[in-house]
Structures are given as C-alpha cells and as structure tokens.
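To start, the structure under review is shown below, and the notes come after it.
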Amino acid sequence: MNHGSPMWNNAFGIEWLDFNLSTSLMTIISSIIVFIICVLGSRNLQRRPRAFQNVMEMLVDFVKKVIGDAMDWKTGKQFLPLGLTLFMYIFISNMLGVMIMVVVGHDLWWKSPTSDAASTLTLSVMVILLTNFYGVKILGGKEYLKGYIRPVPFLLPLNLIEEAANTLTLGLRLFGNIFAGEVLLSLIGESLAGVNPPFTTIAAFVPMIAWQGFSLFIGTIQSYIFLVLTMVYMSHKVSKAH
Amino acid sequence: MQTLTIGAAVGGLPIGSMLVQLISFIILLLLLKKFAWKPLLKVMQDRQEYISNEIDMAEASRKEAETAAKTAAEELKQTRAEAQAIIEEARKAGQQQEENIIAAARRESERLKEAAVEDIANEKEKAMQALQAQVASLSVQIASKIIEKEISSEDQDKLISEYVKELGR
C-alpha cells in the first residue's frame, strides 16, 4: 500500500513543468508496443489475408462499424486512423496495468498510463479539441457557431457546459475504471497476499485471477466506450443539424 | 485507515507528463497512419475493388454464356428444322420418282403388249393369205390332176392317198 508516484517536479528549473515519471514512461512504452503490434500486423500485406493481417482487418472493420454507426461514412472515413489509434492505444494501455505492476521502493513504476487522470484528461481534451477543429473545417465557421445555439438560442450556456462536461466525463470515466481496477489489484496483491505469506499468498490467487479477468473485460469495454464516444462527439460537430 | 494513495496521480497537475502523453500520442498517430493504417486500408480497398471487378466480370461472362447458349439452342432448332425439311423433301422426291418409274413401266408394258397384239394380228393375216393362196393352187392342181387322168377306183384311192400324203407334208 501507500505507493507514491515518482515525481519530477519543476523539471529543468521550470516552475510549472512537473513530470509524473511513471506515467510518462508507461505512455511511451505503451505507444511503442502499439506501434510494434500495428506495424507487425500490417507487414507483408496480401490480398488473401493470413492470420495476423486478419486480426488487423477485423479491427479495422470494427472501428469502421463504430464510425459508421455514429455518422455518415463519407465524412467519417477520415477519422478511421484516429479511431484505430485511439482504440489500440487505450486498449494496450489498459492491458499493461492488468498484467503486472512494478513497484520500486515506494513508487509505482509499471502501471496503465490510463490510470492517471492527467493522461486520460489529456486524451479527452485532445479529442474534444479535434471535434471542434473538424467541426470548423467541415461545416465552416458559421455553421459551427450555429451549433452552439441549437435547437434554440437560450441553450447556449448549456451547450458550452456540455463541451466541458464531455471532456471531463470522457477522461474521468476511463481513468476511474482503470484506476479502480488497479487499486483493487494492488489491494489484493499486497494487503491480502502480504499479510501472512505462505498461506494467504495462495489464497489470494483466486480473487486475483477473478479480478484480473474482470479488469481485462473492463479495459476492453472502456477502450470501446472511449472510441464510441469520441465518434459520437465528432459526429455532433461535423454533421449538419438533423 | 491511512490515506489510500495508490498511483497518487489523483492530485496535482503534472503538465510535463500531460505533454508527454499528448506528444507521444500524436507521434503514434502519425507513425501508425503512415506505416500501418495506410497500407492496411489500401490493401483492403484493393481487395474490395478486385472482388467487385471479379463479380462484374463473372456477371458479364455469365450473360455472355447465356446469350451463347440461347444462340446455340436457336441454331440447333433451326438446323433440326432444316434437316427435317431436307428429309421430307427427299422422301417426297423419292415417292415422286417411284411413281414416275411405275408409270413409265406400266406405259412400256402397255406399249409392248399392244405391239405384240398387232404382230400377232399381222402374222395371222399373213398366214391366212398364204393359206388362201395355197388352197387355191392346190385345188387347181387337184382339179387338173383329176382331169388329166382316167381314174379307176383303184387309181382314185391311190390318188387320194397321194394327195393326203402330199398334204401331210
């Protein structure tokens, strides 16, 4: 218990620049793993797909379907790389913390980058900014601004609050689920197994395995939800009012 | 219980790691777009096009085959009809010829018969004439013989038998 985060505050002597080293490290590791998986999966592409290529194509079709459900495929196809990358990155990130957690000293080094609220909020802010960007780009400034006074002008404050709320919920939902999963895993792992070593260690296996299974499920579902919500917010911004 | 600070990232605003997150995600996005998604999507697109082309081609060749089959069936039908007509014609011609031959034969036989009858009549006429002439000369001879000789009864017998003999010859 009582793990801290390896912080590097006021980096390079800059006052506001704080690094959560484990999150940064895991972000980079996760990105590298995603990159390796995806590049391996799209090597030696053939017209008749073999095993790994099949998996990648299933993934593409899956994301395509999610985008197609949210919006017109004509406008939606430019978001396919974004959706694929988001899904893969969040999924792999979620999985990293389920498999193992590495504690050095009192600091938790190996975890899911998505169990850090700062990370998930960064992603959600990025997504919301992108939706606004594409809203302007696809509909034009006038239509985009009109979107804020729909369906009636006095809803403008609510629409503005919605933007902020979307950002917060999108990021915090992911963070909460993954963080809670890790809390419970480390509770089971350390508190239960560490109390009275030989006996409780074995006893801890059952809830450990059960919770890991559940965390895998949660991690998959959460990456799916993040993808779906991203595309839904995107479609609100890029499609004309119905 | 003491404060539960696992991860301990709940508080604070680590701008640095947020920047790391943002930048690494953008880099990841760009790299994957170039090295993974683009080729993958291209292959999928190509396959889709290939399949749709193949379907089009299959459709076209099916149509072609259908037309060819139809033409062939029509031609076969026509040919069969032609063959039937030829056979019919041949049969008719054969019949005609048969009739002609029979008629010709009948005519020929008729003609032969008539000729034969005529011949017979001619011969008969000729024979009659010859016989008449013979009879005339014979009776003259008989008369002259009778007149020539004094005829005894015995002579007469002899004479008659002589004549009969002569007639028998």
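Throughout, protein chains are lettered first and strands after them, A, B, ... in sequence-line order, and every chain is numbered starting at 1. This one's a predicted model, so the numbers in the text were calculated from it and none came from an experiment.
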Please state whether the side chain, the backbone, both or neither of A/Met88 comes within less than 4.5 Å of a heavy atom of chain B.
side chain

Counting heavy atoms not belonging to B/Glu89, are there more than 12 under 6.0 Å from its CD?
no

Chain B interface, residue from A/Val60, A/Leu25, A/Val39 that has the most non-hydrogen pairs under 4.5 Å
A/Val60

Atom OH of A/Tyr224: over 12 foreign heavy atoms under 6.0 Å
no

How many angstroms lie between atom CG of A/Leu121 and atom CD of B/Gln21, to the nearest 0.5 angstrom?
10.5 Å

So what's closer than 4.5 Å to chain B heavy atoms on A/Leu82: side chain, backbone, both or neither?
both

Do other residues, nucleotides or ligands put more than 12 heavy atoms under 6.0 Å from A/Phe214 CZ?
no

Please state whether the side chain, the backbone, both or neither of A/Leu86 comes within less than 4.5 Å of a heavy atom of chain B.
both

Distance (rounded to the nearest 0.5 Å) between A/Ile28 CD1 and B/Ser17 OG:
10.5 Å

B/Glu54, CD atom: more than 12 neighbouring heavy atoms under 6.0 Å
yes

Expected list for residues 25-42 of chain B: side-chain donor-acceptor pairs under 3.5 angstrom, two or more places apart:
residue, atom, partner, partner atom, Å
B/Trp37, NE1, A/Thr85, OG1, 3.0
B/Lys42, NZ, B/Asp46, OD2, 3.2

Rounded to the nearest 0.5 Å, how far does CE of A/Met126 lie from CE of B/Met18?
12.0 Å

With respect to chain B, which residue among A/Ser30, A/Ser31, A/Gly41 yields the maximal number of heavy-atom pairs within a distance under 4.5 Å?
A/Ser31

Let me confirm one number: the OG-OH distance from B/Ser24 to A/Tyr89, rounded to the nearest 0.5 Å.
5.0 Å

